[in-house]
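Heads up: the structure comes next, in structure tokens.
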Protein chains: 2
Amino acid sequence: MREKKIRLKTAEIEKQSHLDYFKIAISVDCVIFGYVEKELKVLLIKSDMKEFEGKYSLLGDLVKLDEDLESASKRVLKERTGMDDVYMEQVQSFGSVDRHPSGRVITIAYYSLIDIKHHKLKLSHNELDWHPVRKVKKMAFDHNLILDACLRRLQQKVIEHPVIYNLLPEKFSLRELQKLYEAILGVQLDRRNFRKKISINDSLIDINEKEVDVSHRPGKLYKLKPEFKKKKTSKHN
Amino acid sequence: MREKKIRLKTAEIEKQSHLDYFKIAISVDCVIFGYVEKELKVLLIKSDMKEFEGKYSLLGDLVKLDEDLESASKRVLKERTGMDDVYMEQVQSFGSVDRHPSGRVITIAYYSLIDIKHHKLKLSHNELDWHPVRKVKKMAFDHNLILDACLRRLQQKVIEHPVIYNLLPEKFSLRELQKLYEAILGVQLDRRNFRKKISINDSLIDINEKEVDVSHRPGKLYKLKPEFKKKKTSKHN
DNA sequence: AGGAAATATGTACTTATGACACATTAATTT
DNA sequence: AAATTAATGTGTCATAAGTACATATTTCCT
């Protein structure tokens, strides 16, 4: 009997300490980029916290005890959007003491790139929807900071490796690729120089097909060479 | 008396649950780079865990509930080395489920650059000492991975901005700067081209002094222009 | 005073980047 | 069916950046 009482006590204390005293919670937040209507967009959800009523937030969740960080962010993606097998990269941790109104939560930010045509998400649910990256208003928590950090990382990536195939369908024209590149970097580029740059790094296959349903001369379609499709999988973190 | 016994018990359990069951602990690990005897070194300490007896580990500690991540890693540095006001940059989180033998610990890696001449550390204590980065053996935990990630980040940084003044004394010669650059990248460079590169980015001041106590023609000494000294302080994470 | 050793600087060659123009193709209009 | 239009597809030249390489100069040491 006495033993039981002690257990109760300790359970209580565990629960308290869980959020109150020495416990720090860990979450992941996903910045999910998509390319819709020639604009770079990010998937946001209406915040369910009353402190942030009306504001949007990134998709995220607490990390479970038995899951790796990347598993956690893939789970978030899968749960909320049904999407699987997406490109994902860890960006940065955010851990200011006061970043979460309900307690101490350190979050690890990931960004993902998805081709929205291949991954049909149930946008009707959950007030989940695409927002143009450049027009995102004040979000919940420090999520604007997180979005900025992820966008900068994506821009860095696209400069180093201009073919961001993850955001495009399997077959794409050079014009489409250039428009994507411009959408990410927020600049306009010379068509000829862009094509030269692409041809130099030699990562595309001409598949001898042409665009259809365009109201002008159709462009050639390309695929990414398989050897460039290596997904960046972070192994041990 | 009974109360006391309970407290003892709960304290025990707190300690257990702290690392055992539902608690995910958060730590920071610091990869502290120094430039000693023309070699890039990292500050390591003998692991105090019996699982890793004889192995070295990075300097790290659990993050306290009321401290930001960067504060935590600065505290670690200060406590263990006495050093303050150092360059520091967050690199990556490591959170594999099994990375820590005593429980779930997610760690956030930082790297620091210090000029060892300005920061005299009490190396005699704690079996704390500098180790050549290229010759580090198997360390405790996943610390080899962490070191690798931080080294790659530092290399990236030095390519973008060749003047890594944090590792050098205030006044330095171009030869010293080049040797440092070479030590970080692990390559040999042409002296003339290196100097051209440095002169182009125009970040040094010729202070009209020369090296002393060198057994050959002394080189000119330079300082970094103040406007290039902006410390990278991560604001909100 | 002369030799050794490192500093300091310049030039030619190659490669990458940026500005720019014209011919070609296929859909659309007349 | 021919002319028009609007986008695709390619090439050249000028400039900037990167790489390979050589000679003169300064200081230390003997």
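The sequence lines fix the lettering, A, B, ..., with proteins before strands; numbering per chain opens at 1. Model, not experiment: these values are computed from the prediction. Side chains are part of it too, since the values below use all heavy atoms of this structure and drop only hydrogens, waters and symmetry mates.
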5'-most by nearest nucleotide on DNA chain C - A:P218 or B:H216: B:H216

Interatomic distance, B:L177 CG vs C:dT7 P [rounded to whole Å]: 13 Å

Start and end of the DNA chain D segment that chain A contacts, any atom under 4.0 Å from a heavy atom: D:dA7 to D:dT12

Sugar-phosphate, base or nothing in reach of B:K196, heavy atoms under 4.0 Å: base

side-chain N/O B:R217 vs C:dA8 OP1/OP2, d < 4.0 Å: no

Pairs involving residues 137-160 of chain A, ordered by first then second residue, that meet ring pair (Phe, Tyr, Trp, His ring centres under 6.0 Å) (sequence neighbours left out): A:F52-A:F141, A:H100-A:F141, A:F141-A:H143

Any donor-acceptor N/O pair under 3.5 Å between C:dA21 base and A:R192 side chain: yes

All pairs passing salt bridge (Lys or Arg N to Asp or Glu O under 4.0 Å) where residues 175-188 of chain A contributes a residue, at least two apart: A:R175-A:E211, A:K179-A:E182

Value in whole Å for how far the P atom of C:dT25 lies from NZ of A:K220: 11 Å

Length of the CZ-P vector between B:R175 and C:dA5, whole Å: 15 Å

Separation of C:dT7 C1' from B:I198 CD1 (nearest whole Å): 16 Å

d(NZ, A:K210; C1', C:dT24) in whole Å: 10 Å

CG-OH distance between B:L59 and B:Y110, expressed to the nearest 0.5 angstrom: 15.5 Å

Under 3.5 Å donor-acceptor, B:S71 side chain and B:E67 backbone: no

Aromatic contact, A:Y222 with A:F172 (centres under 6.0 Å): no

CA sep, side-chain torsions, deciding dist, call: B:D48, B:K46, side chain to side chain contact (heavy atoms under 4.5 Å, CB included): CA-CA 6 Å; B:D48 53 358; B:K46 271 262 174 66; over 6 Å; no

B:D190 vs B:K197, nearer the 5' end of DNA chain D by closest nucleotide: B:K197

5'-most by nearest nucleotide on DNA chain C - B:R191 or A:V214: B:R191

Side-chain ion pair, B:R153 and B:E89, N-O less than 4.0 Å: yes

C:dT9 phosphate, OP1 or OP2, under 4.0 Å from B:R195 side-chain N/O: no

For atom CZ of B:F194 and atom P of C:dT7, their distance in whole Å: 12 Å

Atom-pair distance (CG on B:N193; C1' on C:dT11), nearest Å: 12 Å

